[in-house]
Amino acid sequence: LVGVTAEPLSLPLGYPVYVGTGLLPEAGAIVAAAAPAHRYAVVSDDTVAALHADTVLASLPSDRTRLFSIPPGESEKTRERWIELTDALFAWGAGRDTTIVALGGGVIGDLAGFVAATFMRGVRVVQVPTTLLAMVDAAVGGKTGVDTRHGKNLVGAFHDPSAVVMATETLATLPPAVFRSGLAEMLKHGIVADSAVFDAVLAALPDIARDGAFSPHLPALVADSVRIKASVVAKDAREGGLRQTLNFGHTIAHAVEHAMAYRMLHGEAVAVGMVVEARIAERLGIAEEGTASLIESALAKAGLPISIPDGLDPMELVAGTHGDKKNRGGSVRYALPSKVGTMWRGDGSWSTVVVDDVAHSALIASSRR
Ligand SMILES: NC(=O)c1ccc[n+]([C@@H]2O[C@H](COP(=O)([O-])OP(=O)(O)OC[C@H]3O[C@@H](n4cnc5c(N)ncnc54)[C@H](O)[C@@H]3O)[C@@H](O)[C@H]2O)c1
Ligand SMILES: [Zn+2]
């Protein structure tokens, strides 16, 4: 790429992914090389824009670049904001020769990505994730979309970015809890695909606790995590099979998030979900004994929650795993580990049926006593 010094990761994807500390001032050069356009629309949220938009804007041609910012938060990932943003692009005179730059966490990545997927039937997008979760999870894989009152991410499209710029220095301004919640997904990637990655994250936790975003280990750990996500997505982009393994911890996490009315960070819910689901796997004889406690202790070291929040009823959570409260006394399919680093695969499927009783008892075992 012209004018870009850093080397992208070597990944089985059709687009370059850059990871590094101090990369944000390079964003414009990467955008201009990977997705040159007449206009550059930087889409962000007000929190991220106040902290990091100037650096990105300064790296792009000022007369052909504009910032479009919305309020922060999951509640803004809506069709209403999609309408607002697409209308603002038209009002600005943007046409097909426009590149969208998604600068923010997963909310902005998904929303701006969906704007890009649909604007004039699709324009290019460069993802510039600014949360750890967005780096290791949301920015790679091409899923975009918005929430509806019927559920999260229910309207969307697959739309690969033209490039991804992971400037780890942006993580320095994250609230600590939001930073930690990204560690849950990094540990998840190790659990589903590579125990060495799990061990490396675990070993770096004391350093990360001390140095945060400027831990010298962070770029390599982010890269490891992205490599895992990319290799899974490359083999199964549309979640027919292998991609289900990335849902480890998420069936319980979604039930917990729903029961908490989304007042809990996603990564925190995933942490709890992984502990419960590892217990389920042990109870079914799928996972090696000790898998759940290994996962539990790693998450605790990362400062993540490991038991279901007080006041949540295990029975209600079981109902929540069906996504439909009427459907009690049944079963749900889970993707489960056989040990840290390896997911269980039986009968040609990456998921297995779990009856409600087993989920219920694992939830009780994960409640605070
Ligand atoms: N497309 C996918 O494959 C995929 C995968 C995982 C998650 N997601 C989506 O990602 C979303 C969650 O992402 P998230 O956790 O990044 O949430 P988020 O985008 O809401 O960001 C969390 C908070 O941190 C703030 N923030 C972001 N970057 C900051 C920075 N550098 N400094 C200070 N504050 C900053 C934001 O303003 C926000 O308040 C969900 O909507 C989820 O559905 C998508
Ligand atoms: Zn997740």
Side-chain angles (χ1 to χ4, degrees), residues 24 43-53 55-56 69-78 81 102-114 116-117 125 127-148 151-161 164 166-189 191-192 212-213 225-226 229-230 232-233 237-239 243 245-254 256-257 262 264-274 277 304 335:
L24 201 60
V43 177
S44 193
D45 73 37
D46 297 341
T47 305
V48 177
L51 294 162
H52 302 295
T55 308
V56 173
S69 184
I70 63 162
E74 183 73 34
S75 57
E76 306 298 332
K77 206 175 99 177
T78 61
R81 291 293 179 198
L103 173 69
V107 165
I108 289 300
D110 281 7
L111 175 62
F114 187 53
V125 62
Q127 293 285 349
V128 186
T130 62
T131 67
L132 192 51
L133 181 133
M135 289 183 188
V136 303
D137 199 350
V140 168
K143 283 187 182 175
T144 74
V146 293
D147 301 334
T148 76
K152 281 186 59 170
N153 302 322
L154 289 184
V155 174
F158 284 94
H159 189 60
D160 277 340
V164 185
M166 304 189 180
T168 52
E169 76 274 20
T170 60
L171 304 176
T173 54
L174 277 180
V178 177
F179 182 90
R180 283 196 298 273
S181 101
L183 293 173
E185 300 279 6
M186 289 173 84
L187 287 164
K188 182 198 77 182
H189 285 146
I191 295 163
V192 306
S225 205
V226 169
K229 168 117 192 213
V232 170
V233 166
R238 308 236 162 179
E239 209 159 326
R243 196 165 179 168
T245 60
L246 297 175
N247 288 337
F248 171 55
H250 281 63
T251 305
I252 295 295
H254 290 149
V256 169
E257 284 180 301
Y262 297 91
M264 189 178 192
L265 291 170
H266 175 69
E268 294 178 342
V270 170
V272 176
M274 290 194 291
E277 293 186 18
L304 289 158

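Note that ligands are numbered from 1 as they come in the structure, with each ligand's atoms numbered from 1 the same way. As a basis for the values below, the full set of heavy atoms in this structure was taken, side chains included, without hydrogen atoms, waters or symmetry mates.
- Ligand 1 has no nitrogen or oxygen under 3.5 angstrom from a nitrogen or oxygen of Arg243.
- Taking distance alone, with nitrogen or oxygen atoms compared against 3.5 Å, Leu171 stays at or beyond that limit from ligand 1.
- Residues Ile108 and Leu103 fail the side-chain proximity criterion, which asks for heavy atoms closer than 4.5 Å.
- Distances shorter than 4.0 angstrom occur between a heavy atom of His52 and an atom of ligand 1.
- Contact record, Glu185 with Ser225: O-OG, 4.5 Å, taken as the closest heavy-atom pair.
- Below 3.5 Å of separation, one finds no N or O of Thr144 facing any N or O of ligand 1.
- Of the listed options Thr130, Thr47, Asn153, Thr130 places a heavy atom closest to atom 28 (N) of ligand 1.
- Residue His266 places every heavy atom at 4.0 Å or more from ligand 1.
- In this structure, NE2 of His250 and NE2 of His266 enclose an angle of 100° at the Zn ion (ligand 2), rounded to 10°.
- For ligand 1, the polar-atom distance check finds an N/O of Val107 within less than 3.5 Å of one of the ligand's N/O atoms.
- Residues His52 and Ser44 bring no donor and acceptor atom of their side chains to less than 3.5 Å of each other.
- Listed here is the closest heavy atom pair of Thr144 and Asp110: CB-O, 3.6 Å.
- The shell of residues lying under 4.0 angstrom from ligand 1, judged by heavy atoms, includes Val48.
- Contact annotation: Gln127 has no heavy atom less than 4.0 Å from any atom of ligand 1.
- For atom 23 (C) of ligand 1, no protein heavy-atom neighbour is found at a distance under 4.0 Å.
- Summary: OE2 is the N/O/S atom of Glu185 found nearest to the Zn ion (ligand 2).
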